[in-house]
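Note: hydrogens, waters and symmetry copies are ignored here, and every other heavy atom, side chains too, is used. Just so you know, ligand 1 is whichever comes first in the structure, and atom 1 is the first atom listed for that ligand.
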Amino acid sequence: MITFGILGCGRIGRVHAASLAQTDGARIGAVSDAFDSAAQALSQVTGAPARTTDEIIADPAIDAIIIGTPTDTHFDIIHAAARAGKAIFCEKPVDMSADRIRACIAVVEAAGVPFMTAFNRRFETNFAQVRQQIADGAIGPVEIVTIQSRDPAPPPIGYIQSSGGLFRDMMIHDLDMARFLLDEEPVQVFAVGSALVDPAIGAAGDVDTAAVTLTTASGRICQITNSRRATYGYDQRVEVHGARGMLRAENVLEHSVELATEAGFRRAPTLNFFLERYAGAYRAELAHFVAALTAGTVPSPSIHDGLRAQLLADAAAESLATGQPVQLA
Ligand SMILES: NC(=O)c1ccc[n+]([C@@H]2O[C@H](COP(=O)([O-])OP(=O)(O)OC[C@H]3O[C@@H](n4cnc5c(N)ncnc54)[C@H](O)[C@@H]3O)[C@@H](O)[C@H]2O)c1
């Protein structure tokens, strides 16, 4: 039985608490939040005591921690938890700075603790199936990956201002998905972007509409498009074209009933947003982490995957700023 401490009782901390409650071989030993009211609320739901983050990290009865705190707190928590010998499940992005992620890698590897970066989309049933079929050779070598990722509506402007920008905040998931599906590391990044949804986003120095082209050493191409707006709902699709075929994962709808009348065909709306669309993926990623800790195997995606995605996001931001493609080592 793995005993977890949940750090951060906000949006994602509550999701992980609900997932752990359904995960065999895991229990919640304690929860913490910077605001006592948030910690007490999750304590009541889970039955686990509310304690401080420092107390949880210092407690030898806690085997593993979930970092669901704001991104700018991850660095210090990773350092303290690794030194205390805890297994670490860390929300994305690991940090906003690649150099600081490298420092986290050093402390995690020196401590020898298991670490998983929470790129939950790898665990979504359809995307995982696409990956599996690529690995099984169903379409031969991958040639073109297309990722469409659009949020229903932009977040509040206050969030945009502290988000690190669209590439590091939103597209980071798609950049990881690109690596997951390309089967080869991108070596070149070219980005374009605009503020078409809300001029305030442009005034804040960010974009809300963007396209990034990634190219691998052998010439495989991935195109990612993002928008902070989609009038028809949360739009999450991937397509992978290979030498011998094509794989496609469509949106997940509220139900699969289709209505046909003289007016045409009508289908259900997409699942509302990430909490609904990825509910199963959030459960599956934690089940994977618990299974890895139990079996003593290495969980994936790793902290290096966290760094790789960050380097791609940094390169996309640089390409947008300079108008030039950026080469990666
Ligand atoms: N994988 C995903 O799909 C996904 C989705 C949402 C958020 N996230 C990531 O999860 C993290 C948290 O995002 P959120 O939306 O849940 O934020 P949130 O603001 O809803 O929750 C964060 C909570 O952490 C608390 N907190 C701050 N410092 C703390 C500390 N030192 N110890 C304990 N608690 C502390 C805050 O009071 C807040 O309640 C971010 O890194 C974000 O990028 C990932």
Participant: Check the side chains of Arg51 and Ser32 for a donor-acceptor pair under 3.5 angstrom, ignoring hydrogens and angles.
Facilitator: no
Participant: Is Glu184 salt-bridged to Arg179, cutoff N-O under 4.0 Å?
Facilitator: no
Participant: For the ring pair His16 and Phe89, is the centre-to-centre distance below 6.0 Å?
Facilitator: yes
Participant: Quick test: of every protein heavy atom, which one is nearest to atom 21 (O) of ligand 1, and how far off is it to 0.1 Å?
Facilitator: Gly10 CA, 3.2 Å
Participant: If you count the atoms of ligand 1 from 1 in the order shown, which ones are under 4.0 Å from a heavy atom of Gly8?
Facilitator: 24 (O), 33 (C), 34 (N)
Participant: Give a yes or no on whether a salt bridge exists between Arg308 and Asp176, defined as a side-chain N under 4.0 angstrom from a carboxylate O.
Facilitator: no
Participant: Considering heavy atoms of the protein only, find what lies nearest to atom 33 (C) of ligand 1 and give residue, atom and distance to 0.1 Å.
Facilitator: Thr53 OG1, 3.1 Å
Participant: How far is atom 22 (C) of ligand 1 from its nearest protein heavy atom, and which residue and atom name does that atom have?
Facilitator: Gly68 O, 3.6 Å
Participant: Do the charged groups of Asp198 and Arg229 touch, with an N to O distance under 4.0 Å?
Facilitator: no
Participant: Have a look at Pro70, Gly5, Cys90 and point out the one with the heavy atom closest to atom 24 (O) of ligand 1.
Facilitator: Pro70
Participant: So if I count the atoms of ligand 1 from 1 in the order they appear, which ones are less than 4.0 Å from some heavy atom of Pro93?
Facilitator: 43 (O)
Participant: Classify the contact between Thr71 and ligand 1 as side chain, backbone, both or neither, using a heavy-atom distance cut-off of under 4.0 Å.
Facilitator: both
Participant: Should His74 be listed as contacting ligand 1, given a heavy-atom distance under 4.0 Å as the test?
Facilitator: yes
Participant: Can Tyr282 be said to touch ligand 1, with heavy atoms closer than 4.0 Å?
Facilitator: yes
Participant: Between Asp169 and Arg228, is there a salt bridge with N-O shorter than 4.0 Å?
Facilitator: yes
Participant: Can you confirm whether something in the protein, heavy atoms only, sits under 4.0 Å from atom 17 (O) of ligand 1?
Facilitator: no
Participant: Just go through Arg121, Lys92, Glu91 and tell me whose heavy atom is the nearest to atom 42 (C) of ligand 1.
Facilitator: Lys92
Participant: Evaluate the side-chain proximity of Glu143 to Ile221: yes if any heavy-atom separation is below 4.5 Å, no if none is.
Facilitator: no
Participant: Heavy-atom count around Tyr232 OH within 6.0 Å, excluding the residue itself: above 12?
Facilitator: yes
Participant: Heavy-atom contacts with Phe35 under 4.0 Å: which atoms of ligand 1 show up? List them by number with element.
Facilitator: 37 (O)
Participant: Say whether Ala39 and ligand 1 are in contact under the criterion: heavy-atom distance to a ligand atom below 4.0 Å.
Facilitator: no
Participant: Is it true that Arg14 lies under 4.0 Å from ligand 1, counting heavy atoms only?
Facilitator: no
Participant: May I ask you to decide if the ring planes of Tyr278 and Tyr282 are parallel, tilted or perpendicular, using 30° and 60° as cut-offs?
Facilitator: perpendicular
Participant: What is the closest protein heavy atom to atom 23 (C) of ligand 1, and at what distance does it sit?
Facilitator: Asp33 OD2, 3.5 Å
Participant: How about Gln22: does its CD atom have over 12 heavy atoms from other parts shown lying under 6.0 Å from it?
Facilitator: yes
Participant: Going by an N to O cut-off under 4.0 Å, is there a salt bridge joining Glu250 and Arg248?
Facilitator: yes
Participant: Can you tell me which residue and heavy atom of the protein come closest to atom 29 (C) of ligand 1, and the distance to 0.1 Å?
Facilitator: Thr69 CG2, 3.6 Å
Participant: Which option, Leu7, Ile12, Leu275, owns the non-hydrogen atom nearest atom 13 (O) of ligand 1?
Facilitator: Ile12
Participant: Is the shortest side-chain N to carboxylate O distance from Asp183 to Arg131 below 4.0 Å?
Facilitator: yes
Participant: Of all the non-hydrogen atoms in the protein, which one sits nearest to atom 20 (O) of ligand 1, and at what distance?
Facilitator: Arg11 N, 3.0 Å
Participant: Is the shortest N/O to N/O distance between Phe274 and ligand 1 below 3.5 Å?
Facilitator: no
